[in-house]
There are 2 protein chains.
Amino acid sequence: MSTARRPRADARRNYERLLAEADAAFAERGIGASLESIARGAGVAIGTLYGHFPTRRALVGALLRERNEALFELGDRLVADNPPGALATWVRAVTEHASTYSGLAALLAGGLDDEASELHESCLRMAGTGERLVALARASGTLRPDATGADITALTTAAAALREDLSAAAADRLVALCLDGLARRP
Amino acid sequence: MSTARRPRADARRNYERLLAEADAAFAERGIGASLESIARGAGVAIGTLYGHFPTRRALVGALLRERNEALFELGDRLVADNPPGALATWVRAVTEHASTYSGLAALLAGGLDDEASELHESCLRMAGTGERLVALARASGTLRPDATGADITALTTAAAALREDLSAAAADRLVALCLDGLARRP
DNA sequence: ACCTGAACACCGTTCAAGT
DNA sequence: ACCTGAACACCGTTCAAGT
C-alpha cells in the first residue's frame, strides 16, 4: 500500500542538517531568523531549503514534531489519571512548549484558526486536551462553572507572550493569578 | 533661553505628512510596516524620514505623544480621586493604549528596561501610575497584600498581546480573571 | 537647514538548468 | 529525484551631493 520511497541519501542528510541549523537559529534569534542564513549554515543552497520546507511554518512544524509528541503524551496521561493540579500542570507544560522559540506563541495562536497552517492539527489537539481537563475539573467542583477551554488557550498564549516580552517570572505569576481567578470559591 | 528655532515650512510639512502616513501604515500593517513604503506614501525620500525620525521607535514615540498625554491625564485623575474600580479602569486603558498598533505591546514591554528607548519615559510613568493604584487598593483592603505594580504591568502586557494573537474578548476575559485572582478574599 | 536618491548589505521566493 | 544559484522584488540604513 505504501507509496513511500526511501529518500536519496544526500536528501536525507540535507534534511537533517537543515533541521539542526534551523533549531539553532530559531533558538538564538527567534522564529523569524533568516532562511537564507539557515541554508548557508546547513551548507546547502536556498532552493534546497524550499524543496524540503515550502514555508517557514513547515520548518517549524517539523522541528516541533518530537516535542509535540511528548506534550500530547503528557496531556493524554493527565486526562486519563486526572491527578490533583492536572490543569495547572497542563497550562505550565503548554506555556513552556509555546516558548520553545521566541515568536512561536503568536504562530501557535494563529494556527488554531488557520486550517492551512502546518501547525493547525497540533493546535487543535492542544485545545482539545485543555477542554477535557476543564470539564474534569468542573465535574470535580474545583473550577468556576463558567470556566471554558478557551480560557486555558488564552492563558497559555498570554503566558508564553509574557515570557517573551517580560520574563518567565511574570508569566508564572500570571498563570498562578488566573488559575486562582478560575478556582471555585469555597 | 530657548534655542528652538521655527522649522522651515517644508520641513514641518514633511514631518506632518510622515506622521500621518506612518499612523495609517502602522494601523493597517502593524508596527513593522516598511519605512520605505511610508516615505513613499508621504511623498518624500527615505533620507527625509530618517532625518526626522532616526529610529522606528522615535517615529512610534512621536505618534503616541497625544495618546500618552490622554492616558496620563486619566491615570493622574484615578490616583487623585481613587474611585471604585480605579485599578480595573487603568488596566483596561493601558491595554487599549498598548493595542494601538499591532506589535506595540512588545515594544512597550521592551521600553521599560531599555533606557535608550524613546518610549522609556512613558513606560516608566505608566508603571508608576500602576504602582500607586496598587498601593491605594491595598490600603483600602480590596487587594491581596502580595499584589504589586509588576503584576499590573504584566497583566496589561499580556492582555495587549492576547488582543493581537487571539481576540479582544479573550483579553478582556483574562483581565477579569486576573483581577479576580488579585482581589482580597473575603 | 533640509532634502534627495544612489549605494551597500541583506532577505524571501521562484524556477530553469544541471547532476 | 534532488540540488544549485541566478533572478526578481523588496527592505534598512547611511551619506555625499544638492538646494
Side-chain angles (χ1 to χ4, degrees), chain A residues 2-22 24-26 28-63 101-103 106-107 110 116-118, chain B residues 2-22 24-26 28-63 101-104 106-107 110 114 116-118:
Chain A
S2 169
T3 59
R5 297 273 172 277
R6 262 177 117 244
R8 240 165 61 178
D10 58 342
R12 172 147 199 90
R13 219 193 40 197
N14 287 339
Y15 181 89
E16 299 294 348
R17 279 192 185 173
L18 281 165
L19 277 187
E21 187 68 26
F26 289 163
E28 204 172 328
R29 307 191 293 277
I31 216 113
S34 141
L35 297 179
E36 201 149 298
S37 75
I38 291 172
R40 245 191 335 260
V44 302
I46 182 62
T48 304
L49 187 153
Y50 276 91
H52 285 287
F53 309 104
T55 68
R56 187 181 294 270
R57 283 192 320 248
L59 183 48
V60 173
L63 281 169
Y101 308 118
S102 120
L107 214 63
S117 168
E118 289 86 347
Chain B
S2 169
T3 61
R5 297 272 172 277
R6 264 180 115 242
R8 239 167 57 180
D10 59 341
R12 172 145 198 92
R13 219 193 39 196
N14 286 340
Y15 181 88
E16 299 296 349
R17 280 193 185 171
L18 281 165
L19 278 186
E21 186 68 26
F26 289 164
E28 204 171 330
R29 308 192 292 278
I31 215 115
S34 143
L35 297 179
E36 202 150 297
S37 74
I38 290 171
R40 243 191 336 262
V44 301
I46 180 65
T48 303
L49 187 152
Y50 276 91
H52 285 287
F53 309 103
T55 68
R56 185 181 294 270
R57 282 192 320 248
L59 184 48
V60 173
L63 281 169
Y101 308 119
S102 122
L104 177 57
L107 214 63
D114 178 6
S117 168
E118 288 86 347

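Residue numbering restarts at 1 for every chain, and letters A, B, ... go by the order of the sequence lines. Just so it is clear, the values below take in all heavy atoms, side chains as well, and ignore hydrogens, waters and symmetry mates.
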Quiz item: Want to settle it: does A/Y50 or B/A45 sit nearer the 5' end of DNA chain C, counting the closest nucleotide to each?
Solution: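 Between the two, 5'-proximity favours B/A45.
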
Quiz item: With a 4.0 Å cut-off on heavy atoms, is B/T48 in touch with a base, just the backbone sugar-phosphate, or nothing at all?
Solution: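 If one applies the 4.0 Å heavy-atom cut-off, B/T48 turns out to touch a base.
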
Quiz item: Is there a Watson-Crick or G-U wobble partner for D/dG18 with both distances under 3.5 Å, and which nucleotide is it?
Solution: C/dC2

Quiz item: Under a 3.5 Å cut-off for both distances, is D/dT13 Watson-Crick or wobble paired, and to whom?
Solution: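 Partner of D/dT13: C/dA7.
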
Self-check item: Residue among A/R8, A/R12, A/R13 satisfying salt bridge (charged side-chain N to carboxylate O under 4.0 Å, His left out) with A/D10
Solution: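 The single option meeting the salt bridge (charged side-chain N to carboxylate O under 4.0 Å, His left out) with A/D10 is A/R8.
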
Would you say a side-chain N or O of [X] is under 4.0 Å from OP1 or OP2 of [N]?
X: A/H52; N: D/dC2; result: no
X: B/N14; N: C/dC2; result: no
X: B/S37; N: D/dC11; result: no
X: B/R40; N: D/dC11; result: yes

Quiz item: Quick one: are A/F53 and A/L19 in side-chain contact, heavy atoms under 4.5 Å?
Solution: yes

Quiz prompt | Side chain of B/R8 - closest among D/dT13, D/dC2, C/dA1 | solution =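 Nucleotide nearest to B/R8's side chain: C/dA1.
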
Quiz item: If each of A/G47 and B/P54 is mapped to the nucleotide of DNA chain D with the nearest heavy atom, which maps nearer the 5' terminus, i.e. the 5' end?
Solution: A/G47

Practice problem: Let me see the working for B/L59 and B/F26 under side-chain contact (heavy atoms from CB on, under 4.5 Å), right down to the final yes or no. | Solution: CA-CA 10 Å; B/L59 184 48; B/F26 289 164; 4.0 Å; yes

